[in-house]
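Since the structure comes first, as structure tokens, the remarks are kept for the end.
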Protein chains: 2
Amino acid sequence: MGNVTIRDVARRADVAISTVSRYLNGGALKADTRAAIEEAIAALGFRRNEVASSMRRGQTRMIGILLCDTIEFFQYTLYQTLEAELWKLGYQCILTTYGNLNVSDKIRTLRQRNVDGLILYYYLPDPAVHDAITEALEDGVPVILLDSDAPDLVTDKVLVDNLNASFRAVEIMIQKGHRDIAVVTGTEKHPVSSERLSGYLECMKAYGLPIQEGYVLYGHFSIADSYNAVSRLMKLPRPPTALFTGSYHMTFGAIMAIREAGFRIPDDISIIGFDNVEVSEAVLHDLTIVEQPVDRIGATAADLMHRRILGENGEKARTIRVPARLVMRNTVARPPKHRENGLF
Amino acid sequence: MGNVTIRDVARRADVAISTVSRYLNGGALKADTRAAIEEAIAALGFRRNEVASSMRRGQTRMIGILLCDTIEFFQYTLYQTLEAELWKLGYQCILTTYGNLNVSDKIRTLRQRNVDGLILYYYLPDPAVHDAITEALEDGVPVILLDSDAPDLVTDKVLVDNLNASFRAVEIMIQKGHRDIAVVTGTEKHPVSSERLSGYLECMKAYGLPIQEGYVLYGHFSIADSYNAVSRLMKLPRPPTALFTGSYHMTFGAIMAIREAGFRIPDDISIIGFDNVEVSEAVLHDLTIVEQPVDRIGATAADLMHRRILGENGEKARTIRVPARLVMRNTVARPPKHRENGLF
DNA sequence: CTGAAAGCGCTTACAG
DNA sequence: CTGAAAGCGCTTACAG
């Protein structure tokens with residue numbers, strides 16, 4: 001077994017190979033022809049050679065995926081939903097991540113495999129990568145950008161409405177009476193971080209609150225960077241009474257640092273994290289969070305890709321912003337009396 | 001561009017297509033022939049169609065990879081090193097994870113893509129999966145099992161020497177004078193967990209120490225499960241003076257729970273984690289750990305796969321145990337006097 | 001060192 | 001509803 005071909009099946013079923021092919025592709029067949037083919041397939045253990053099929057059809061039903069190599073587990077979760085959704089639609093995924101190697105080369109290598117589409121988590125504004133993406137687009141290969149609104153790339157995009165989500169999170173803290181609100185988020189270069197930061201800044205501005213010195217913290221999306229940054233934060237002469245954290249791992253790091261510094265949540269400091277519900281539920285069962293809709297991002301991107309491949313989406317590029325949801329729980333309380341903002 | 005073929009290159013360079021093919025495959029060429037082909041390739045923007053090449057050669061240079069869908073980020077890190085190493089060797093990876101869908105079907109679908117090999121993180125003893133793996137092996141498709149020593153599957157295996165590593169970690173605690181040592185590790189079904197647990201049990205036995213009731217804790221390899229388990233542990237009438245944790249995430253959960261319960265590390269309780277150095281370095285810079293050699297697992301598996309494909313490994317299946325390394329830092333101290341084991 | 005020819009395993013018009 | 005034939009873009013013996 002193993003290299004049984006359509007020819008063997010045809011011979012055994014006593015039909016032409018084109019008939020077997022028709023069977024495989026769901027064409028109309030007389031009942032007994034169908035039965036004979038099915039018998040032959042079962043008896044021989046035939047499985048279609050997808051490589052040959054891909055070559056002939058000019059479609060591989062493979063999607064190339066490029067993700068970051070950060071520790072942030074968001075990437076892995078995202079891949080899983082993406083892959084699961086695409087699998088249901090009949091696609092398999094080739095996954096690569098940023099690495100020592102040149103990202104634009106990775107994209108080109110993926111293209112040499114004749115992937116039917118490319119889903120990229122792309123945020124570093126690298127001109128070489130930009131070119132590789134443009135080439136793909138010019139050659140008619142659909143590209144979906146995740147978590148990036150790169151305005152100079154005219155292609156489909158799926159992103160989380162980070163700005164609004166952050167705005168609303170900060171707003172809730174303000175409405176509880178907080179004024180000294182800090183934020184810790186990813187590196188400035190990352191559009192996700194900067195959108196989350198913008199939400200914070202815009203909200204503070206909207207309510208006329210000042211940004212205290214040392215209250216805006218950056219780092220990688222990691223437990224470590226957040227832990228270190230928040231440790232410093234809590235040592236400030238005037239530590240914040242509320243903190244907004246930019247990711248799952250960052251939330252853990254922040255909580256560790258806060259507790260270690262001897263502050264209680266939410267009595268001394270309120271906290272709102274940014275992440276995925278199911279995950280934080282168990283440990284941080286009382287954490288108020290902005291829910292990162294990973295499943296919806298994955299499902300949306302998969303669906304968009306499928307339609308694009310079928311040519312159902314019309315010509316123009318679409319940008320889909322998946323909304324984030326606030327999950328109110330118990331880590332936001334009023335600040336100590338003397339530190340209220342006096343607005344409410 | 002985009003569908004420039006070898007034929008176009010041949011025409012422009014005024015040579016036969018077989019000559020272009022020879023160029024692409026590194027054959028010997030006269031200098032001017034070579035130059036003409038290179039000129040044509042550059043001018044036309046030709047890139048070899050890997051699908052056609054795969055079909056003709058009967059080799060796809062693609063490796064199918066199956067991993068868990070657990071939260072544990074070990075999987076993602078592992079994939080990254082695996083993929084990076086394989087990429088260097090000229091392979092791309094199709095990644096799928098356990099999911100709602102049938103794992104044996106996933107393996108078969110991967111095989112229909114004519115992957116050159118399969119690298120599987122397989123631990124659930126599912127007979128259907130077992131069959132799918134056996135089929136692959138029978139058809140001559142190399143399979144590497146990760147972190148599993150499934151004795152009834154005669155194939156290459158790469159695993160961490162969990163048992164020894166755990167034994168040594170626990171031994172260090174015992175030599176520091178500990179007697180009341182607890183362990184928190186993954187679900188019993190997982191061979192990795194059970195090996196780590198065995199190391200603990202064997203070491204305790206070797207030194208004649210009793211296992212206190214409630215000191216052996218299970219959970220998923222997650223921050224959450226570990227946090228919950230260790231929270232209970234620290235509420236026992238006689239909490240342990242030392243704890244061995246079974247994974248990266250579990251270590252975080254344990255530390256959170258310990259600190260929250262008001263215990264100091266290492267004054268009140270010593271701790272040794274099981275994980276990857278680079279990652280924990282920043283936050284838990286003083287944590288004594290058993291280093292999980294993710295990079296070596298990935299590199300070893302990639303190398304083994306490559307040789308297997310080239311047919312260099314001879315006939316018989318190899319099992320490679322990658323040793324873990326103890327990284328001594330500062331989270332192991334002597335227990336309080338009255339709780340010493342009196343052995344040292 | 002180079003070319004002409006066959007063929008990898010399918011699918012797709014085109015006849016019948 | 002079914003079959004014979006051409007061809008997808010390469011690689012690989014085989015000649016020369």
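Convention: sequence-line order gives letters A, B, ...; per-chain numbering from 1. Any value given below was found using the heavy atoms of this structure, including those in side chains, with hydrogens, waters and symmetry copies removed.
One interatomic measurement links the two molecules: CE of B:Met55 to C1' of D:dT11, which rounds to 11 Å at whole-angstrom precision. Between B:Ile37 atom CD1 and C:dC1 atom P there is a gap of 13 Å when expressed in whole angstrom units. Counting to the nearest Å, the C1' atom of D:dT2 and the CG atom of A:Asp14 are 12 Å from each other. Atom CD1 of A:Ile17 and atom P of C:dC10 are 9 Å apart (whole Å). Going from atom CD of B:Gln59 over to atom P of C:dG9 covers 14 Å, rounded to whole Å. Residue B:Glu50 contributes atom CD, which lies 19 Å from atom P of D:dC8 at whole-angstrom precision. Spacing between atom CD of A:Gln112 and atom C1' of D:dG9 amounts to 13 Å, rounded to whole angstrom units. Between the CZ atom of B:Arg56 and the P atom of C:dC8 there is a distance of 7 Å, rounded to whole Å.
The salt bridge (charged side-chain N to carboxylate O under 4.0 Å, His left out) test with A:Asp156 singles out one residue from A:Arg318, A:Arg308, A:Arg307, and that residue is A:Arg308.
Classified by interplanar angle (parallel below 30°, tilted 30° to 60°, perpendicular above 60°), the ring pair A:Tyr91/A:His306 is perpendicular.
In the set D:dT11, C:dC1, C:dT11, D:dT11 carries the atom at the smallest distance from any side-chain atom of B:Asn25. The side chain of A:Ile6 sits closest to C:dT11 out of C:dT11, D:dG9, D:dC10. For B:Thr19, the side-chain atoms get nearest to C:dT2 when compared with the rest of C:dG9, D:dG3, C:dT2. Listed nucleotides D:dG9, C:dT12, D:dT11 differ in distance to B:Ala52; the shortest reach to its side chain belongs to D:dG9.
For C:dG3, its base sits under 3.5 Å from the side chain of B:Arg22 at one donor and acceptor pair at least. Interface remark: the A:Ser18 side chain does form a donor-acceptor pair with the D:dA4 base, using a distance-only criterion of under 3.5 Å.
We find the CD1-CG distance between A:Ile133 and A:Leu137 to be 8.0 Å, quoted to the nearest 0.5 Å. Atom OG of A:Ser54 and atom CD of B:Glu50 lie 13.0 Å apart (nearest 0.5 Å).
Each of B:Lys30 and A:Leu24 lies near DNA chain C, and the nucleotide nearest B:Lys30 is the one positioned closer to the 5' end.
Using a 4.0 Å heavy-atom criterion, one finds that B:Val15 contacts the sugar-phosphate atoms exclusively. Residue contacts shown for A:Thr5 are limited to sugar-phosphate atoms, with no base heavy atom under 4.0 Å away. Within the 4.0 angstrom heavy-atom criterion, only backbone atoms of the sugar-phosphate kind lie near A:Phe46; the bases stay farther away. Residue contacts for B:Ser53: at a heavy-atom cut-off of 4.0 Å it reaches the sugar-phosphate backbone alone, with no base atom in range.
The nucleotide D:dA13 finds no pairing partner, because no Watson-Crick or G-U wobble arrangement with both distances shorter than 3.5 Å includes it. Across all strands shown, C:dA4 remains unpaired; no Watson-Crick or G-U wobble contact has both distances below 3.5 Å.
Across A:Tyr121 and A:Tyr98, no two heavy atoms sit closer than the pair O-OH, 2.6 Å. Closest approach of B:Lys106 and A:Trp87 over heavy atoms only: CA-CZ2, 3.7 Å.
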